[in-house]
Amino acid sequence: MNTHVKDLQFPSLPYAYDALEPHIDAMTMEIHYTRHHKAYFDNLMAAVKDTEMADMPFGELLRDISKFPVAVRNNGGGHFNHSLFWNIMSANGGGKPQGELAEAIKKAFGSFEAMQEKFNTAAKTRFGSGWAWLCVKSDKSLEICSTPNQDNPLMDLSECSGTPILGLDVWEHAYYLKYQNKRPDYISAFWNVVNWEEVSKNYANAI
Amino acid sequence: MAYELPALPYAMDALEPFISKETIEFHYGKHHATYVNNLNKQVPGSRFENASLETIVKEAEGSIFNNGAQVWNHSFYWNCLKPEGGGEPEGKLKEAIDREFGSFGQFREMFSQAATSLFGSGWVWLVCDRAGKLSIVQEQNAGNPLRKGLMPLLTCDVWEHAYYIDKRNRRPAYVEDFWKVVNWKAVEAYYLNRVA
């Protein structure tokens with residue numbers, strides 16, 4: 001997040017396209033990563049080229065996003081959100097978090113299952129395109145929320161603010177080839193591929 | 001009073017090869033039908049009990065608006081399309097388009113640009129105001145121009161579910177094919193019958 005925007009790189013996918021099968025199919029992964037994410041990345045770089053934004057740390061650009069053009073909001077958010085999303089999934093995912101994150105979830109939501117249920121509701125009820133998030137708020141407590149389109153809780157114009165440590169893409173492009181209109185089935189399947197080690201690292205970095 | 005899923009004005013495969021049977025099966029049979037079902041669950045007990053769909057579109061908020069407007073928008077969208085459609089409008093609508101946009105070609109380009117650049121889910125509309133003046137508007141999610149006092153004449157659904165099976169991420173290819181199935185007679189009728 002301290003990387004200057006002009007130095008951002010399109011990240012490599014941390015696993016093969018078919019690694020998350022059967023929960024997320026290879027065709028969806030390939031199009032999602034090589035078409036959707038790549039387009040956000042390329043459009044972001046084009047939008048900041050030869051502007052003051054190119055020399056800003058990426059985190060600062062997202063934080064102050066209301067001052068910048070809507071193309072930067074949409075594509076900068078798209079790049080950040082997808083980069084996080086790939087990293088919090090894994091072929092050996094699923095199960096439950098351990099340690100401090102498990103404690104924090106219990107404290108905030110009562111139980112892991114209660115957190116899941118709240119997250120599922122946020123993901124199901126986000127109307128149109130957007131994301132569901134598990135975030136660390138400024139007081140270090142955990143919160144669940146959702147944002148429209150490619151916004152995220154780091155942005156100053158977001159209704160919920162915090163550091164996202166787990167995110168789920170609920171744009172139709174994230175699930176349509178396999179699940180079509182059945183978004184709830186996609187959300188259920190997502191829990192089987194969550195990489196809790198990575199989410200725990202995100203949590204440790206955020207507090 | 002229950003809201004109903006209107007009959008599709010053509011067969012599921014009628015718009016092939018531009019919009020596939022599979023897309024219509026999901027889009028009409030699942031998405032549109034689900035909005036109808038959700039609306040019928042949510043309206044009883046609300047202040048919209050016995051309200052017309054148009055009243056819901058104009059006045060409701062939140063989930064009742066989202067489902068009601070999506071019912072209206074999809075019914076309108078199906079009526080804007082037909083097999084062996086496409087071509088160009090004629091008569092008074094053609095004159096109005098030429099007057100407002102310069103030519104049909106320029107209108108088409110502006111509408112396509114609005115459809116490909118709408119970020120996220122939504123609808124692009126050709127509308128006219130009470131004086132009959134045409135314009136192109138983008139609406140997010142379930143947005144509908146009736147709320148702004150504008151009369152819808154033509155719409156293109158740019159939610160990803162409208163094209164993802166056929167075109168994947170290539171929304172411009174969907175918009176290109178959309179023109180080949182537009183029912184200009186229906187659009188002309190909306191224009192001529194508009195509330196003056």
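Below, chains carry the letters A, B, ... as their sequence lines are ordered, and counting in each starts from 1.
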Handout entry: Top contributor to chain B contacts, counting heavy-atom pairs under 4.5 Å, from A:Thr125, A:Val70, A:Ile31
Key = A:Ile31

Handout entry: Parallel, tilted or perpendicular: ring planes of A:His36 versus B:Tyr164, cut at 30 and 60 degrees
Key = parallel

Practice task
Return yes when atom CE of A:Met27 has more than 12 non-hydrogen atoms of other residues, nucleotides or ligands closer than 6.0 Å, and no otherwise.
Solution key: no

Exercise for the section: Can you measure from CD (B:Gln140) to CZ (A:Phe127) and round to the nearest 0.5 angstrom? Expected result: 11.0 Å

Handout entry: Nearest-0.5 Å distance, NZ of residue B:Lys30 to NZ of residue A:Lys182
Key = 7.0 Å

Practice task
Please say whether more than 12 non-hydrogen atoms of neighbouring residues, nucleotides or ligands are located less than 6.0 Å from CD in A:Glu117.
Solution key: no

Problem - From CG (A:Asn149) to CG (B:Asn141), nearest 0.5 Å - result: 6.5 Å

Problem - Minimum heavy-atom distance B:Phe26-A:Asn181, with the two atoms named - result: CD2-OD1, 3.7 Å

Problem - Between CG on residue B:Asn169 and OG1 on residue A:Thr34, distance to nearest 0.5 Å - result: 7.5 Å

Practice task
Step through the shown structure and confirm whether more than 12 heavy atoms of other residues, nucleotides or ligands are within 6.0 Å of CG on A:Asn2.
Solution key: no

Exercise for the section: Count the heavy atoms of every other residue, nucleotide or ligand shown that sit under 6.0 Å from CD of B:Glu109, and state whether that count exceeds 12. Expected result: no

Exercise for the section: Determine whether more than 12 heavy atoms belonging to other residues, nucleotides or ligands lie under 6.0 Å from atom CD of A:Glu197. Expected result: no

Problem - Minimum side-chain heavy-atom gap A:Arg73-B:Phe119 below 4.5 Å - result: no

Problem - Verdict with supporting geometry, B:Arg170 and A:Arg35, side-chain contact (heavy atoms from CB on, under 4.5 Å) - result: CA-CA 9 Å; B:Arg170 293 175 299 115; A:Arg35 304 290 170 180; over 6 Å; no

Handout entry: Atom pair NE2/CZ of B:His161 and A:Arg183 - distance to nearest 0.5 Å
Key = 11.0 Å

Exercise for the section: Give a yes or no on whether A:Gln9 atom CD has more than 12 heavy-atom contacts from other residues, nucleotides or ligands under 6.0 Å away. Expected result: no

Handout entry: A:Glu60 CD: over 12 foreign heavy atoms closer than 6.0 Å
Key = yes

